[in-house]
2 protein chains.
Amino acid sequence: MNSAEPKSSTLDLVAAVSSMLTPTERRIAEAVIAEPTLLAFGTVSDLADQVGTSRPSIVRFATKLGFDGYTELQQHVRSDLSHRLSRPSERIRHGGKESVPAKRAIGDAISSVFDAIEGDRVSRLVEPVVAAKKVWILSGETSQAGAHALHSGLSMVRPDVTLLEEHFFVGDLSDAGPEDTAVVFDFQRYRRQVAVAARVLAEAGVTIVAITDSPLSPLVDLADTWCQIEVPPVGPFDSSVPVVAMSELLVAQAAKDLHDAATSRIDRIEALWEATETFL
Amino acid sequence: MNSAEPKSSTLDLVAAVSSMLTPTERRIAEAVIAEPTLLAFGTVSDLADQVGTSRPSIVRFATKLGFDGYTELQQHVRSDLSHRLSRPSERIRHGGKESVPAKRAIGDAISSVFDAIEGDRVSRLVEPVVAAKKVWILSGETSQAGAHALHSGLSMVRPDVTLLEEHFFVGDLSDAGPEDTAVVFDFQRYRRQVAVAARVLAEAGVTIVAITDSPLSPLVDLADTWCQIEVPPVGPFDSSVPVVAMSELLVAQAAKDLHDAATSRIDRIEALWEATETFL
DNA sequence: GTGATATTGTAACGATATGAACAGCGCGGA
DNA sequence: TCCGCGCTGTTCATATCGTTACAATATCAC
């Protein structure tokens with residue numbers, strides 16, 4: 001569909017012919033510049049209504065830009081848009097073979113993390129974590145590093161955080177109850193293991209926060225809030241970098257939400273460390 | 001036109017019903033997740049062709065998501081997209097504002113990692129690791145996640161990798177000898193602890209590879225090879241992301257250097273996992 | 001194996017979009 | 001004033017869109 005690389009931005013095209021535009025065409029040009037989505041999503045009629053002109057004027061505008069008709073112009077705009085949208089992420093599993101250098105892969109994955117916490121998402125993810133009586137962290141092998149980061153970070157800002165890695169027993173979860181929250185890392189390879197444990201927790205009334213690499217994950221059903229991040233391959237293994245980044249952002253948000261409680265807690269822990277000669 | 005704020009992301013909607021999707025509907029879901037522009041720009045026919053199904057299945061998919069028809073679904077997706085385009089988030093290349101402070105910090109830190117391995121630096125760092133009889137990994141609290149990543153990765157591609165975290169005893173190092181290599185993570189806060197241990201190892205003839213955040217680190221003197229990376233603050237704590245990224249790049253390089261030995265070792269480990277029901 | 005149910009594809013419908021031909025309007029020059 | 005020309009809006013034809021109703025197929029329980 002949208003495989004062709006646009007030679008020039010659509011706005012450039014408009015600018016190129018701006019001097020030889022008729023009055024109504026100029027109004028059209030101003031409208032599409034002010035609101036590019038009109039061109040990408042709207043029909044000829046939509047544009048005509050918006051500008052206050054007739055449909056053929058829109059078509060003629062398209063031809064004046066060098067296209068065969070409005071359809072071609074719209075395709076050009078859309079391929080331009082798709083390009084911008086697919087740049088930061090989403091192209092790793094498909095188009096990108098393993099020829100993608102690790103640098104690009106990691107960079108894109110990091111972008112996907114920031115995409116995932118768009119808006120107030122990070123707040124919604126963290127909210128049950130700060131409100132919970134106890135916090136459980138479940139992870140498989142791929143997300144070990146992230147789970148570790150989340151555990152050590154959260155432990156600093158609030159009490160009762162338990163990390164269950166890899167080969168935990170379901171019995172470990174027996175204490176969990178409706179006032180608790182579980183953060184579950186759920187990635188391709190080790191999905192079933194954590195899925196089973198998460199189901200146990202969900203049935204016990206625990207609030208589930210899922211960090212997953214696919215919205216089709218079975219965990220998403222169980223989860224109260226969730227977010228999706230990419231896990232790119234680096235060398236022969238899957239990268240933990242996005243998971244760690246996400247974990248740290250969650251901790252940062254939790255620290256912000258807990259504010260005074262967190263800072264005093266951190267101070268106490270630091271003092272304890274100093275006292276026990278952690279610094280040698 | 002597109003002024004309405006989307007109540008929930010389209011991915012959320014797909015996820016919400018993902019468990020009650022029929023096989024073809026699931027294929028549709030996967031397609032639109034892999035290529036969101038299909039939904040935003042494509043027609044029912046486009047999607048049907050892409051997925052390899054009939055047009056009505058697409059419409060039924062839309063209704064199952066809670067919309068009156070495909071048109072409504074597409075409008076929702078488009079308003080979602082417009083939002084992302086208008087909001088300052090998506091702009092990584094263009095108006096690179098300091099939208100999220102943590103974002104910039106992490107991005108810069110990642111860049112520093114790639115700067116640090118410019119040229120053949122990563123090869124020089126890894127060379128003593130692959131050649132060593134035994135590999136020791138030393139880290140403090142800040143670099144725990146990175147050390148963990150390095151340990152689990154290296155363990156996959158070669159034997160005799162030992163991780164010593166935080167409160168290890170110097171006695172643990174008694175086995176180390178001139179044929180060994182130690183990778184030492186050495187960061188601001190927990191410098192003294194690892195510095196002491198590294199000195200012990202260096203005096204035992206162990207080759208030292210240092211990952212540090214400062215060229216002034218005392219470890220640089222002891223180290224045979226070293227590299228410097230940034231450790232940015234995220235919230236109240238230091239980020240592990242750069243350390244993890246560096247660790248993974250080291251593992252990837254080691255895997256490449258060891259090649260056949262590594263792959264056969266990975267295969268054996270995988271087989272062992274399967275046998276012990278890691279996948280449940 | 002058989003009936004019931006769920007799932008999927010086929011056919012037909014109205015609605016709408018685009019693009020082209022045609023007609024009215026305004027403006028400037030002779 | 002009249003004519004010519006470019007600009008704009010109206011009408012129409014055709015293709016395609018989204019949708020619904022219906023039939024065929026696959027799946028499962030008993």
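Proteins come first, then strands; the chains are lettered A, B, ... in the order of their sequence lines, and each starts at number 1. Note: hydrogens, waters and symmetry copies are ignored here, and every other heavy atom, side chains too, is used. The model shown is predicted, which means the values in this text are computed figures rather than measured ones.
Considering only side-chain atoms of B/V59, the nucleotide from D/dT19, C/dG19, C/dT8 that sits closest is D/dT19. For B/Y70, the side-chain atoms get nearest to D/dT19 when compared with the rest of C/dT7, D/dG9, D/dT19. The side chain of A/S45 sits closest to C/dA17 out of D/dG18, C/dT8, C/dA17. Listed candidates were C/dA17, D/dG18, D/dG9. Nearest to the side chain of A/T43 is C/dA17.
A/R121 forms a cation-pi arrangement with A/W226, by the criterion of a distance under 6.0 Å to the ring centre and an angle within 45° of the ring axis.
Note on B/T71: only backbone sugar-phosphate atoms sit closer than 4.0 angstrom, heavy atoms only; bases stay farther off. Here B/P56 lies in heavy-atom contact (under 4.0 Å) with a base.
The CG atom of A/L39 sits 16 Å away from the P atom of C/dA17 (whole-angstrom rounding). For the pair A/L47 CG and C/dT16 C1', the interatomic distance rounds to 16 Å; values are reported in whole Å. Taking atom CG of residue B/L73 and atom P of nucleotide D/dG18, one finds them 11 Å apart after rounding to whole Å. The interatomic distance linking A/R55 (CZ) with D/dT8 (C1') rounds to 14 Å, in whole Å. Spacing between atom CE of B/M20 and atom C1' of C/dT7 amounts to 17 Å, rounded to whole angstrom units. Atom CD1 of B/I58 and atom P of D/dG18 are 10 Å apart (whole Å). What separates CZ of B/F41 from C1' of D/dG18 is a distance of 20 Å, to the nearest Å. Whole-Å rounding puts the A/R27 CZ to D/dC7 P distance at 15 Å.
Listed by chain and residue number, nothing satisfies the side chain to side chain donor-acceptor pair (under 3.5 Å) test with A/T225 (two or more places apart in sequence, or in another chain).
One finds no side-chain N or O of B/T53 lying less than 4.0 angstrom from the OP1 or OP2 phosphate oxygen of C/dT8. Distances shown here put every side-chain N or O of B/S54 at or beyond 4.0 Å from the OP1 or OP2 atom of C/dT10. A close approach under 4.0 Å does occur between a side-chain nitrogen or oxygen of A/T24 and OP1 or OP2 of D/dT8.
For A/R27, the CZ atom sits in a packed shell: over 12 heavy atoms of surrounding residues, nucleotides or ligands are nearer than 6.0 Å.
Of the possible polar contacts, none joining the B/R60 side chain to the B/E25 backbone as a donor-acceptor pair under 3.5 Å is found. Side-chain atoms of A/T43 come within 3.5 Å of backbone N or O of A/D46 as a donor-acceptor pair.
Among all heavy-atom pairs drawn from A/L249 and A/V122, the shortest one is O-CG2, 4.2 Å. Annotation for A/L38 and A/Y70: closest pair O-OH, 4.1 Å, computed over non-hydrogen atoms.
The side-chain contact (heavy atoms from CB on, under 4.5 Å) test with A/W136 is passed by exactly one of A/T181, A/L164, A/D160: A/L164.
With hydrogens and angles ignored, a donor-acceptor pair closer than 3.5 Å exists between the side chain of B/R60 and the base of C/dG9.
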Produce the list of close N/O pairs, under 3.5 Å, pairing protein atoms with atoms of nucleotides 3-5 of chain C; give distances to one decimal.
none

